[in-house]
K.L.:
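The structure follows.
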Amino acid sequence: MIDTIAAISTAIGESGIGIVRMSGKNSLDIARNIFKGKVNEDLKEAENRKLTYGHIYNPEDGKIVDEVLIAYMKSPYTYTREDIVEIYCHGGAISVKKILELILENGARLAEPGEFTKRAFLNGRLDLSQAEAVMDLIRAKTDKSYDISLGQLEGSLSDKIDEIRNILLEMLAHVEVSIDFPDEGIEEVTYKDLKDNGNKVLLEINKLLNTADKGRILRDGLNTVILGKPNVGKSSLLNAILRENRAIVTDVPGTTRDIIEEYINIDGIPLKIIDTAGIRSTEDLVEKIGVDRAKKVVEEADLIIAVFDASRKLSSEDEEIIELVKEKNSIVLLNKTDLPNEYNVEYLKEFVPKKKVISTSIAKGEGIEKLEETIKEMFYSGEVEISDEIMVTNIRHKNQLMKAKKNIEEAIEGINLDIPLDCIEVDIRSCWENLGEISGDTISEDILDKIFSEFCIGK
Ligand SMILES: Nc1nc2c(ncn2[C@@H]2O[C@H](COP(=O)(O)OP(=O)(O)OP(=O)(O)O)[C@@H](O)[C@H]2O)c(=O)[nH]1
Ligand SMILES: [Mg+2]
């Protein structure tokens, strides 16, 4: 981390202000090279974190690049804990780009995605789950997911993990004492103690895991796929839910060829909604690829909305749809109920006995609200209440918790069977380490690289 990194930190596009940022020990020198204060102030004398007004210029030809405000933030009380310089210039694509280029010519290196936050983590300002929360905060699509990310950034998850890990440390200490002093009669006490604490750890891990499914949905959106044979009104449904004409709707079967993804928020539940090509066997190569893609997204769906056409008889294609959704979390729509009915609801219900069937006329806007209500009910029913408790939203955290759960279960089983303490110790230690990967206390370089590579540039 000896080099100085730089990046544009604001989104590219027309805007009032653009920010270019540097972090590292040469930040100040580079800035002094390319900045002239209006009243000839030297940035070196500028007060920590105070803005100075002046111009960025090219030292080679003396030409002015932009009129800016600049802030020097002295380490260690900065985002990265290194020296940081931020330049506030005019927004738009050109100014920020020119300033960044100038900074790079003067000795900085272009930052990798998330590298500022990675330095904050490596320099101990944030733990890993907090660093991940930074990105979640930026990407949050609903108030609720924003609140959860903010809590995580403030350390709510880290504190909980620390609490559990401390119990594990205490267990390890007991085990070691018993191993070191085998004759003192403390072994019996140790087993009892390990059992109590092991169960406590398991309970806490389970509590966190119970929030994970809803947490993931709040963070990434409920993955919802609209499925049906051609021409039943899938794209019409997408448009109705979005309340805009996003997808092309025609009476030609096979209109939608590719999958179309959009985000929408139904009373705080984020939905990633996917319209698909109508399922049928076709000789058309493009359509065929679309159909294959549709079948593929079904596999990853949290929820499927299967659409059927009430004005036509049940066909073999419909039966294929029924097969695809049978075992899945799904809602069945019987659409076009404004047309003469050929398709008996009761008959359909026989095919999908356990599913909710809603009659709709998307053309007339009927049944959409009922559908939204049903989605809400499905989401909010179940064990987990969405409250202010700590929620696990990140799949990586969930995986670590599952590993830790397995470790502690094995430890408890060992304790119950009175197996030798050094065997139990191994499981307790693994549990402690697996939880440590959530906060980044125990983690490998490649996992770190992978996590930060998903960040945006300039953060
Ligand atoms: N009468 C009536 N027509 C509808 C209704 N919903 C959709 N349609 C019509 O059905 C036709 C097909 O609608 P789409 O939304 O394109 O159907 P799709 O399922 O996306 O079709 P593909 O993309 O070809 O798979 C269009 O002409 C729509 O206007 C409805 O509730 N009643
Ligand atoms: Mg369509």
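Counting starts at 1 for both ligands and their atoms, following the listed order. In what follows, residues are counted from 1 in the order of the sequence shown.
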K.L.:
Is it true that N434 and N407 share a donor-acceptor pair across their side chains at a distance under 3.5 Å?
P.N.:
yes

K.L.:
Does the pair K25/E82 count as a salt bridge with the N-to-O cut at 4.0 Å?
P.N.:
no

K.L.:
Find the distance between NZ (K200) and CD1 (I164) and round it off to the nearest 0.5 Å.
P.N.:
11.5 Å

K.L.:
Hey, is D302 close enough to K272 for a salt bridge, meaning N to O under 4.0 Å?
P.N.:
no

K.L.:
Compile the protein residues with any heavy atom at a distance under 4.0 Å from an atom of ligand 1; present them by chain, then by number.
P.N.:
P230, N231, V232, G233, K234, S235, S236, V249, T250, D251, V252, P253, G254, T255, T256, G278, N335, K336, D338, L339, S361, I362, A363

K.L.:
Regarding E132 and R396, does a basic nitrogen lie under 4.0 Å from an acidic carboxylate oxygen?
P.N.:
yes

K.L.:
Of the non-hydrogen atoms in G268 and T142, which two are nearest, and what is the gap between them?
P.N.:
O-CG2, 3.8 Å

K.L.:
Anything protein N, O or S sitting under 2.8 Å from the Mg ion (ligand 2): count it and give me the total.
P.N.:
2

K.L.:
Rounded to the nearest 0.5 Å, how far does OG of S149 lie from CG of D136?
P.N.:
4.5 Å

K.L.:
Checking salt bridge (charged side-chain N to carboxylate O under 4.0 Å, His left out) for the pair K118/E115: CA distance, chi angles, key distance, verdict?
P.N.:
CA-CA 5 Å; K118 187 178 183 184; E115 199 172 359; over 6 Å; no

K.L.:
Below 4.0 angstrom, N of the basic side chain to O of the carboxylate: do E373 and K370 qualify?
P.N.:
no

